[in-house]
Amino acid sequence: MEKTLPEIIEAGVKAAITDLYQADGSSPEITLQSTRREFEGEFTVVTFPLTRLARKKPDEIAEQLGAYLKEQVKEIADYNVIKGFLNLVIADDYWRDFLLDAPVKEGYGNSPANGETVVVEFCSPNTNKPLHLGHVRNILLGWSSAQMLEAAGYDVKKVEIINDRGIAICKSMLAWQRFGEGATPQSTGSKPDHFVGNYYVLFDKKFQEEYKVWQETAEGKNVLAHLGKEGQSAEAFFKGYSKKYFNEYSVLGADAKAMLFKWEAGDADVRSLWEKMNNWVYEGYEETYQKFGVYFDKRYYESNTYVLGKDMIELGLEKGVFAKREDGSIFADLTDAKLSEKTLVRADGTSIYITQDLGTARLRYDDFGAKRMIYTVGDEQNHHFATLFELLKRLEEPYADGLYHLSYGMVDLPSGRMKSREGTIVDADDLMKEVIHEARLMSQERAATSELSEEEQDEIIRQIGMSALKFHIIKVGPQKRMMFDPKESVDMQGQTGPYVQNAYVRTRAVWRKAGNPDVSPAKNYTGLAPAERELVNQLYAFPSLVKTAAESYDPSLVAMFCYDLAKSLHKFWHDHSILSAESPEAIAFRLQLCKAVGNTLQKGMGLLGIEVPERM
RNA sequence: GGGCCCAUAGCUCAGCGGAUAGAGCACCUGACUUCUAAUCUGGCGGCCGCAGGUUCGAGUCCUGCUGGGCUCACCA
């Protein structure tokens with residue numbers, strides 16, 4: 001493999017130090033960074049760290065290094081020194097030859113396969129209601145991380161774990177059974193997951209009605225009198241007492257719990273109702289996933305996995321990692337790892353959430369042999385995953401060092417946090433509908449594609465709307481809690497998906513117009529304009545950026561890269577003519593430049609799960 | 001109370017020890033007979049939460065503080 005520019009420069013600087021200062025050039029860390037926009041050059045050597053070694057002033061070192069490199073290293077054409085910073089100008093020939101090679105080819109940015117498998121889990125919904133904005137962030141993060149890892153050479157398996165059991169789905173089931181009167185998604189014409197979600201909401205409504213009535217009964221008043229705090233209003237008390245009421249007094253609550261009990265006992269009627277309703281939900285989810293353009297290689301269901309993990313407990317006891325209490329419960333003491341004491345099996349022998357997670361981790365390893373597993377889950381579970389990973393490490397599981405919690409912050413609305421009780425949940429399907437609607441309005445206003453068929457226009461509009469939504473969410477780094485303003489999410493100008501798409505469209509438009517041009521003169525092009533150098537330089541950075549983004553599980557890096565590249569393209573487009581450039585060499589070179597930029601934008605956006613249209 | 005995370009322009013966000021802290025939105029402004037103006041040009045806008053420390057150099061690293069979030073279940 002050929003050496004990269006940073007490697008070439010670093011080697012040159014080390015040789016220079018040895019030659020110029022008779023010092024050991026192999027030892028120092030060379031500080032190399034990309035040159036700031038306002039100065040000439042592409043790479044910058046910071047000379048401050050070398051002052052001790054060279055025993056000279058920074059400017060003097062920079063000047064001497066620059067002269068040496070210009071003389072000795074053929075890739076370096078020129079240099080300038082500003083306040084101790086040595087800016088290096090890469091030779092035109094190098095940039096030109098580079099451009100005409102890798103970036104114009106298919107698959108630029110991909111690393112060769114490394115033979116390693118990584119499992120990426122994302123989405124992982126509960127089956128009682130439709131997907132919402134929080135899932136959207138999760139899906140986009142998980143999916144694009146998976147794409148980036150694939151580009152970085154991994155064999156990626158995308159999985160989700162579906163929480164298909166428990167009290168929540170029983171609530172929906174009970175409400176449907178009692179109030180549904182045999183209605184189905186087909187009979188009502190609703191999207192099936194929304195249909196089921198509506199019964200979950202209906203359950204809560206009926207429950208609240210029942211609760212309200214109870215509050216006025218002698219029993220309710222008695223509870224208030226005994227447990228209500230001094231000066232607390234009845235309303236405030238009952239608001240906080242709702243969970244307790246559900247478990248101890250509510251008829252509906254008792255019925256829902258009875259249904260859960262029957263489910264666990266394997267009651268045939270309950271199981272068949274459960275399957276029917278869950279299948280509705282899956283049908284609805286599938287539609288949403290397809291609209292997002294995502295899929296899974298394998299699905300895990302908690303109804304299967306919740307019994308797992310017992311063998312891990314045995315293993316832990318054998319290894320002395322876990323211990324038994326007097327009452328029979330089993331726990332792990334993680335206090336020396338700054339985590340708490342964690343119970344794994346209750347005194348009655350039943351297991352809990354984290355136990356099944358232990359079992360599921362092993363199951364996935366058995367399924368795929370992956371030594372790396374990524375869990376895309378909100379940051380409220382940071383502690384849970386820290387505990388889980390620590391336990392697996394102590395169990396000496398072979399994949400324990402490759403576990404990563406892809407943690408992300410909650411999505412807030414301008415009105416504050418999303419709350420189902422207050423009806424401020426932003427539904428994923430509605431959101432898509434809205435951005436596509438907005439894209440349609442913008443498109444009608446422009447009428448740039450009006451001669452295309454209606455189907456073609458619809459497809460373009462869909463791609464534009466989805467890119468606005470996806471880009472808007474992905475451009476924010478995962479760790480940060482983010483503000484989601486619906487008004488801004490439908491923006492199509494500025495730092496947005498459509499802005500990047502538009503740059504791609506331009507690179508395609510010029511090629512359509514050019515027909516089947518002869519690009520061979522490009523190899524004789526000389527005297528690159530600053531805007532051209534800038535673009536080639538950005539293209540040059542793409543493969544390593546993909547690697548960095550993949551290793552840090554941060555798709556926002558790719559999003560910002562695409563934006564920056566698109567911005568440079570737009571600027572170049574404005575300042576330079578392509579098809580009527582001054583020479584055949586320039587025309588050919590710029591066409592190839594457009595091809596490479598379009599190619600890279602398509603690849604980069606593809607990593608984010610965003611499509612680019614040929615026209616817009 | 002312990003642990004983790006966050007705080008940068010009016011708003012949403014970049015900035016991962018280096019140069020005069022950057023984008024987008026909003027507001028003001030100029031450019032379409034041209035390879036598509038979903039674009040481009042110019043302007044406005046900052047005690048980088050506060051106080052110390054380390055360093056040739058700190059928005060970035062360390063300590064303390066303030067404000068916000070999450071979490072510390074024999075819940076999932």
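The sequence lines fix the lettering, A, B, ..., with proteins before strands; numbering per chain opens at 1. The structure presented is a predicted model; accordingly, all values stated were derived computationally and were not measured.
- For B:C48 and B:U34, the C1' atoms lie 44 Å apart once the distance is rounded to whole Å.
- Between B:U29 and B:G43, the two P atoms lie 15 Å apart (nearest whole Å).
- When the P atom is used for both B:U36 and B:A31, the distance is 22 Å, rounded to whole Å.
- Across the P atoms, B:C6 and B:G49 are found 13 Å apart, a figure rounded to whole Å.
- Nearest nucleotide to the A:W573 side chain, out of B:A37, B:U39, B:C4: B:A37.
- Although no hydrogens or angles enter the test, the distance criterion places a donor-acceptor pair under 3.5 Å between the side chain of A:T355 and the main chain of A:L344.
- Across all strands shown, B:A26 has no partner, as no Watson-Crick or G-U wobble contact with both distances under 3.5 Å is found.
- The side chain of A:K513 has B:C35 as its nearest neighbour among B:U36, B:C6, B:C35.
- Under the side-chain hydrogen bond (donor to acceptor under 3.5 Å, both in side chains) criterion, A:N163 pairs with A:N126, sequence neighbours left out.
- Between the C1' atoms of B:G68 and B:G45, the separation comes to 26 Å (whole Å).
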Exercise for review: Take A:F389 and A:Y375, measure what ring pair (Phe, Tyr, Trp, His ring centres under 6.0 Å) needs, and give me the verdict at the end.
Suggested key: CA-CA 11 Å; A:F389 295 169; A:Y375 295 79; 5.7 Å; yes
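- Both A:K475 and A:A509 sit near RNA chain B, but only A:K475 has its closest nucleotide nearer the 5' end.
- The ring-ring contact (aromatic ring centres under 6.0 Å, His included) test with A:F85 singles out one residue from A:F48, A:Y79, A:F39, and that residue is A:F48.
- With both ends at atom P, the span from B:U20 to B:G57 equals 14 Å, rounded to whole Å.
- Contact annotation for A:M483: backbone-only contact, meaning every heavy-atom pair under 4.0 Å involves sugar-phosphate atoms and none involves a base.
- Between the CG atom of A:L339 and the P atom of B:C72 there is a distance of 12 Å, rounded to whole Å.
- Between A:Y245 and A:F207, the gap from one ring centroid to the other is short of 6.0 Å.
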Review point. Step by step, would you call A:N128 with A:S172 a side-chain hydrogen bond (donor to acceptor under 3.5 Å, both in side chains)?
Key: CA-CA 7 Å; A:N128 57 314; A:S172 296; 5.4 Å; no
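- Other residues, nucleotides and ligands contribute over 12 non-hydrogen atoms within 6.0 Å of the CD atom of A:E459.
- OP1 or OP2 of B:C6 sits under 4.0 Å from a side-chain N or O of A:Q479.
- Annotation for A:R512: atom CZ counts as buried by contact number, over 12 foreign heavy atoms lying within 6.0 Å.
- Proximity of A:K419 to A:I425: side-chain heavy atoms (C-beta onward) are nowhere separated by under 4.5 Å.
- In this model, the phosphate group of B:C70 is approached by a side-chain N or O of A:R417 to a distance below 4.0 Å at OP1 or OP2.
- To the nearest angstrom, P of B:C70 lies 18 Å from NZ of A:K480.
- Contact between the side-chain N/O atoms of A:Y408 and the OP1/OP2 oxygens of B:C6 is not found at any separation under 4.0 Å.
- Atom CG in A:D59 sits about 13 Å away from atom C1' in B:C56, given to the nearest Å.
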Heteroatom pairs (N/O) under 3.5 angstrom, protein to nucleotides 17-23 of chain B:
| from | atom 1 | to | atom 2 | distance (Å) |
| --- | --- | --- | --- | --- |
| B:A19 | OP2 | A:R36 | NH1 | 3.0 |
| B:A19 | N6 | A:T44 | OG1 | 3.1 |
| B:A19 | N1 | A:N87 | OD1 | 3.3 |
| B:U20 | OP1 | A:K83 | NZ | 2.6 |
| B:G22 | OP1 | A:R36 | NH2 | 3.0 |
| B:A23 | O3' | A:K567 | NZ | 3.3 |
| B:A23 | O2' | A:Q495 | NE2 | 3.1 |
| B:A23 | O2' | A:Y563 | OH | 3.2 |

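- Here the nucleotide nearest the side chain of A:L579, chosen from B:C35, B:C72, B:C70, is B:C35.
- OP1 or OP2 of B:A26 has not a single side-chain nitrogen or oxygen of A:K487 nearer than 4.0 Å.
- Within the 4.0 angstrom heavy-atom criterion, base atoms lie near A:I464.
- B:G15 and B:A21: their C1' atoms are spaced 8 Å apart (whole Å).
- Nucleotide B:G49: paired with B:C65 (Watson-Crick or G-U wobble, both distances less than 3.5 Å).
- A:D485 has its CG atom 9 Å from the C1' atom of B:U12, to the nearest Å.
- Taking atom CE of A:M418 as the reference point, atom P of B:G69 lies 17 Å away to the nearest angstrom.
- Between the C1' atom of B:C35 and the CG atom of A:L593 lies a distance of 14 Å, rounded to the nearest Å.
- Taking atom NE2 on A:H383 and atom P on B:U71, their separation rounds to 11 Å, with Å as the unit.
- When rounded to the nearest whole Å, the span between CZ of A:R137 and P of B:U12 equals 14 Å.
- When Watson-Crick and G-U wobble pairs are counted only if both distances are under 3.5 Å, B:G1 pairs with B:C72.
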Measure all distances between protein nitrogen or oxygen atoms and nitrogen or oxygen atoms of nucleotides 73-76 of chain B, and list the pairs falling under 3.5 Å.
| from | atom 1 | to | atom 2 | distance (Å) |
| --- | --- | --- | --- | --- |
| B:C74 | OP2 | A:T343 | OG1 | 3.4 |
| B:C74 | O3' | A:R346 | NE | 3.2 |
| B:C74 | O2 | A:A347 | N | 3.1 |
| B:C74 | N4 | A:D327 | OD2 | 2.7 |
| B:C74 | N4 | A:S329 | OG | 3.3 |
| B:C75 | OP2 | A:R346 | NE | 2.4 |
| B:C75 | OP2 | A:R346 | NH2 | 2.2 |
| B:A76 | OP2 | A:Y353 | N | 3.0 |
| B:A76 | O3' | A:E302 | OE1 | 3.3 |
| B:A76 | O2' | A:N163 | ND2 | 3.1 |

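- A donor-acceptor pair under 3.5 Å is absent between the side-chain atoms of A:T376 and the main chain of A:N138, judged by distance alone.
- Between the A:D327 side chain and the A:S329 main chain, a donor and an acceptor come within less than 3.5 Å of each other.
- The same atom, C1', is picked in B:C27 and in B:U71; the two are 42 Å apart, to the nearest Å.
- In this structure a side-chain-to-backbone donor-acceptor pair under 3.5 Å is missing from A:R325 to A:T343.
- In this structure, A:R506 reaches the B:A37 phosphate: one of its side-chain N or O atoms is under 4.0 Å from OP1 or OP2.
- A:G477 comes within 4.0 angstrom of the backbone, heavy atoms only, and of no base.
- Heavy atoms of A:H576 sit under 4.0 angstrom from at least one base atom.
- Along RNA chain B, the nucleotide closest to A:M616 and the one closest to A:D491 are compared, and the more 5′ of them pairs with A:D491.
- Checking B:C13, B:C4, B:C72 against the side-chain heavy atoms of A:M482 singles out B:C13 as nearest.
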